[in-house]
2 protein chains.
Amino acid sequence: MPAHDRPDVTDAELGVLQALWDDGPSTIRQLTDRLYPSGGTSHYATVQKLLERLEQKGCVARNRAAMTHVFAASVSREAFVGDRVRAVAERLCGGSIAPVLTHLLKTESISEGDRKELRKLLNTIQPKMP
Amino acid sequence: MPAHDRPDVTDAELGVLQALWDDGPSTIRQLTDRLYPSGGTSHYATVQKLLERLEQKGCVARNRAAMTHVFAASVSREAFVGDRVRAVAERLCGGSIAPVLTHLLKTESISEGDRKELRKLLNTIQPKMP
DNA sequence: CCCAGGGTAAGACAAACTGTCTGAACTCGC
DNA sequence: GCGAGTTCAGACAGTTTGTCTTACCCTGGG
């Protein structure tokens, strides 16, 4: 299953994506006002270019119906973070992420509630991969 | 604990790091022979430059005792992967990695043995952070 | 009608990054 | 002292990244 052919995004692109996650579908104008308050025409163009690149990367969908296009994130925050973490694990240790999980559990402090949740997930039967 | 001030590494740098992880401390010559078999003087210089950058990034330690320096990874594979995953989670969702763990557990298939290990880790009392 | 204000599209641009490569100086054993 | 092997310093082209400019296209109000 081709899950993570979605490339990484740059810092500025991430800013736009975060804004879309927070505010929902928006126009360039709305995004510009949020990301560059008191920003001029050039910042508007910057956001425009960032959205164009995000669209090519498959992270943003553009609705061309109206004259003024409306942009929306085409991937949820959680899925994106998950894919990105998986990509890092893939690149660095060849896909076996169990050691990574172990390391994270050892070094991160996790609340009791979250631990409970994780325990529950671990106890569910894992669907077999073909 | 200033854990993750270690920056990311590029693809070529990662190749060198992997070689160091696999083979242990090595000289430039050994690394060049491994990474660029039948490589000439220029590849030697390439490895040299990559090691220099890795040293600056704090990923590689150089032993200058002998005339021919010996290089070693200054971070274990597991710690590096962990730090990198943590950095990604930090950048993308502000440090709370529990949702990431949840997502990974949900979407990745993990062997029963590994699940057992993770369960055990989850059951140990978490040391309180100051 | 026309034209001003907002929108899109296309691309130029400098700065930084990446991988590669060149040249000079330096050290050792013979 | 020579030559092979090493370190050091930096040049270099190709790509990426964030910014910005320009030209063009709609649409609504006078």
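Each chain gets a letter, A, B and so on, in the order the sequences are listed, and its residues count up from 1.
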Distance below 4.0 Å between [X] side-chain N/O and [N] OP1 or OP2:
{"X": "B:Tyr44", "N": "D:dG5", "answer": "no"}
{"X": "B:Thr41", "N": "C:dT22", "answer": "no"}
{"X": "A:His43", "N": "D:dC20", "answer": "yes"}

May I ask you to say whether [X] pairs ionically with [Y], meaning some side-chain N is under 4.0 Å from a carboxylate O?
{"X": "A:Glu55", "Y": "A:Lys49", "value": "no"}
{"X": "A:Glu112", "Y": "A:Arg119", "value": "yes"}
{"X": "A:Asp8", "Y": "A:Lys57", "value": "no"}

Which whole-number value in Å describes the distance from [X] [atom1] to [N] [atom2]?
{"X": "B:Asp11", "N": "D:dT15", "atom1": "CG", "atom2": "P", "result": "15 Å"}
{"X": "B:Leu17", "N": "C:dG19", "atom1": "CG", "atom2": "C1'", "result": "17 Å"}
{"X": "A:Leu50", "N": "C:dT8", "atom1": "CG", "atom2": "P", "result": "14 Å"}
{"X": "A:Glu52", "N": "D:dC20", "atom1": "CD", "atom2": "P", "result": "17 Å"}
{"X": "B:Leu54", "N": "C:dG19", "atom1": "CG", "atom2": "C1'", "result": "13 Å"}
{"X": "B:Leu51", "N": "D:dA9", "atom1": "CG", "atom2": "C1'", "result": "16 Å"}
{"X": "A:Phe71", "N": "C:dG7", "atom1": "CZ", "atom2": "C1'", "result": "11 Å"}
{"X": "A:Asp8", "N": "C:dT18", "atom1": "CG", "atom2": "C1'", "result": "16 Å"}

Could you check which of [options] has an atom nearest any side-chain atom of [X]?
{"X": "A:Lys49", "options": "D:dC26, D:dT19, D:dT7", "answer": "D:dT19"}
{"X": "B:Arg64", "options": "D:dG18, C:dA9, D:dC8", "answer": "D:dC8"}
{"X": "A:Ala45", "options": "C:dC21, D:dC8, D:dC20", "answer": "D:dC20"}
{"X": "B:Arg53", "options": "C:dT8, C:dG11, C:dG19", "answer": "C:dG19"}
{"X": "A:Thr68", "options": "C:dG7, C:dT18, C:dA9", "answer": "C:dG7"}
{"X": "B:Met67", "options": "D:dT7, D:dT17, D:dT6", "answer": "D:dT6"}

### Message
So which atom in A:Val9 and which in B:Arg91 form the shortest heavy-atom distance, rounded to 0.1 Å?
### Response
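Looking at all heavy atoms of both residues, the closest pair is O-NH2, 2.8 Å.
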## Note on the structure
Closest heavy-atom pair, A:Val60 versus A:Leu17, reported as atoms and distance to 0.1 Å, is CG2-CD1, 3.9 Å
### Query
What is the distance from atom SG of B:Cys59 to atom CZ of B:Phe80, rounded to the nearest 0.5 Å?
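Interatomic distance, B:Cys59 SG to B:Phe80 CZ, rounded to 0.5 Å: 5.0 Å.
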### Task
For residues B:Val70 and B:Arg62, determine if any side-chain heavy atom of one lies less than 4.5 Å from a side-chain heavy atom of the other.
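B:Val70 does not reach B:Arg62 side chain to side chain.
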### Message
Ignoring hydrogens and geometry beyond distance, is the side chain of A:Gln48 in donor-acceptor contact with the base of C:dA9 at under 3.5 Å?
### Response
yes
Counting N and O atoms only, with roles assigned by atom type, does the side chain of [X] sit under 3.5 Å from a partner on the main chain of [Y], one being a donor and the other an acceptor?
{"X": "B:Arg84", "Y": "B:Arg6", "value": "yes"}
{"X": "A:Ser26", "Y": "A:Gly24", "value": "yes"}
{"X": "A:Arg64", "Y": "A:His69", "value": "no"}

### Query
Given axes from five pairs at either end, by how many degrees does the helix from C:dC1-D:dG30 to C:dC30-D:dG1 bend, rounded to 10°?
20°
### Task
List in numerical order all residues of residues 20-35 of chain B for which some heavy atom is under 4.0 Å away from an atom belonging to DNA chain D.
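Result for residues 20-35 of chain B: B:Ile28, B:Arg29, sorted by number.
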